[in-house]
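Report on the structure given below.
Throughout, numbering of the chain's residues begins at 1 and tracks the sequence. Source: prediction; values computed, not measured.
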Amino acid sequence: MSISASRGSGVRLLVAFAIAIGSFVAGTVVSEHEVSKTHARTEEISGTALPAIVDLASMRTDLFHASQLLEQDLGAPPAAQGPLRQDIQDELAQARMAEERYRSRGKLPGEQGLAVTLHGQVDDVARAFDSALSVKSAVDGRQEIERRVRPALDRAETTSFDLITLNSSNASAETEAIATARARSKLVAYSLDGVSAVFTAIVALLVVRTTRREFESQAAQQRLIAARAEELEAFAGRVAHDILNPLSAINLTFDMLVRGLPPQDAAARGKASVARTRRVVDALLAFARAGARPEPGARCQVALVLGGLLEDLGRAHPTARIHLDVEPGLQVGCLPGVLSSIVGNLVGNALKYADDGVRVPEVEVHGRRVGSRVRIEVADNGPGILPTLEPTIFQPFVRGEGQEKPGIGLGLATAKRLCEAHGGGIGFRSKLGVGTTFFVELPEAMPQQSELVGASPGAQAH
């Protein structure tokens with residue numbers, strides 16, 4: 001009887017041990033499976049949907065600029081038509097390059113047919129432009145625009161919009177699927193943990209230790225799933241946040257065009273703002289694909305990047321006083337879009353919070369060399385930062401209580417992450433009622449020999 005009981009106990013122990021191990025193995029398999037699916041969905045969004053949207057939007061912008069230049073060409077004197085027509089060809093070439101980049105990428109189900117249609121429509125647009133430019137009189141040119149150019153542009157616009165909508169819908173669906181997978185994985189993991197806990201209570205120390213190791217492995221997998229999904233959400237928020245500033249400048253340019261600004265000046269300003277928007281997007285995408293590491297060999301001129309950035313912000317805030325003072329020849333080791341994103345967030349915050357309807361917003365931006373690093377300071381005359389907010393100011397989605405200014409609290413978190421990823425740092429000092437100064441330090445990139453001649457000094461932005 002003793003032997004029989006021992007054997008029965010041994011069998012029960014083995015069964016409990018097997019069930020416990022089986023539960024944890026099942027949890028690991030489920031977690032790995034969900035991690036694999038989440039990774040595939042993340043790659044589809046960041047490697048297919050988002051680049052496709054960027055390329056299609058770039059193509060639409062270039063075609064729009066080309067159509068504006070064509071309108072100008074018809075009313076321009078013969079001496080001015082040569083440069084205008086070259087600009088038209090350049091815009092059409094850029095649009096075709098953007099369409100080719102899009103066409104070379106992977107396609108979603110149902111997308112290939114639209115992509116082929118769009119390729120043919122872009123060819124139709126180019127032929128329509130050639131036809132309009134070949135006529136002898138402005139009257140015939142305008143008739144050709146109405147007869148061929150506008151319909152061709154409308155067809156390409158409609159198809160590209162459908163493609164953007166398709167990719168956006170796919171990105172949204174994949175994001176929702178990631179959230180669902182996280183919830184399902186947690187439910188399965190917790191259920192298996194409960195089963196394991198019941199059977200582990202009757203097994204020896206070996207089973208307890210095995211259970212502990214499996215639980216830690218499972219928890220690590222859950223953290224990996226959560227980290228990847230949160231990283232995707234944060235990256236989408238960063239892209240949207242950093243594009244808003246240059247898009248505001250573009251919108252202001254169109255407003256000025258409606259109010260009578262010469263079309264050529266408006267087009268030049270709008271084109272410059274679009275270029276800065278593209279640099280921000282390219283820099284953020286390169287940053288994400290590099291696994292949060294800076295682009296190898298990246299460098300940019302501080303005065304040049306900040307001058308263009310503050311020019312845009314100055315147009316968006318015409319009553320503000322913005323001053324830029326940068327030591328000549330300063331370069332930092334990052335892409336122009338990264339530097340524009342970091343400083344743009346700091347200056348944008350300074351202008352937003354200093355503008356209380358009473359005082360005139362004043363922002364001073366200084367750049368100087370400190371040892372082997374470049375220090376950029378952004379000082380404002382705003383209300384200052386509450387002491388209770390200082391410890392968490394650089395955390396994502398942190399905003400002051402009762403804050404009515406627009407925003408989602410990603411700007412400073414983005415600036416901090418970009419600075420630290422590029423080997424730099426960020427900090428601030430503030431006094432209530434007086435103002436705040438944010439400072440950024442980034443590794444200096446020594447200028448190349450060809451850049452040592454004609455370095456531009458700091459400039460007054462506005």
- Asn167 and Glu111: side chain donor to acceptor below 3.5 Å: yes
Check: Can we say Arg373 and Glu444 salt-bridge, meaning some charged N sits less than 4.0 Å from an Asp/Glu carboxylate O?
Finding: no
- prompt: Got a salt bridge between Arg96 and Asp123, using NZ or NE/NH1/NH2 to carboxylate O under 4.0 Å?
  reply: yes
So, Thr159 side chain and Ala156 main chain: donor-acceptor pair closer than 3.5 Å or not? no
Applying side chain to side chain contact (heavy atoms under 4.5 Å, CB included) to Ala57 and not counting sequence neighbours gives none
dist Gln72:CD -> Ile88:CD1 (nearest 0.5 Å) comes out at 8.5 Å
Here the gap from Ile426 atom CD1 to Leu412 atom CG, rounded to the nearest 0.5 Å, amounts to 6.5 Å
- Side chains of Arg429 and Phe439 in contact at under 4.5 Å (non-hydrogen atoms): yes
Are the side chain of Ser160 and the backbone N or O of Glu157 linked by a donor-acceptor pair below 3.5 Å?
yes
**OP:** Before accepting this row, confirm whether a basic side-chain N of the pair Glu377/Arg375 lies closer than 4.0 Å to the acidic partner's carboxylate O.
**Re:** yes
Ionic contact status for Arg127 with Asp130, cut-off 4.0 Å: no
With sequence neighbours left out, the residues meeting side-chain hydrogen bond (donor to acceptor under 3.5 Å, both in side chains) with His119 are Glu99, Arg103
Residues Asp355 and Lys352 bridged, charged N to O under 4.0 Å: no
Are any side-chain N or O atoms of Ser430 and backbone N or O atoms of Ile385, one a donor and one an acceptor, separated by less than 3.5 Å? yes
The reported gap from CG in Leu339 to CD1 in Ile342 (rounded to nearest 0.5 angstrom) is 6.0 Å
- Message: For Leu69, is there any backbone N or O sitting under 3.5 Å from a side-chain donor or acceptor partner on Asp73?
- Response: no
* Look at Glu327 together with Arg368 and state whether they make a salt bridge at an N to O cut-off of under 4.0 Å. => no
Could you check whether Arg299 and Gln331, counting side-chain N and O atoms only, form a donor-acceptor pair closer than 3.5 Å? yes
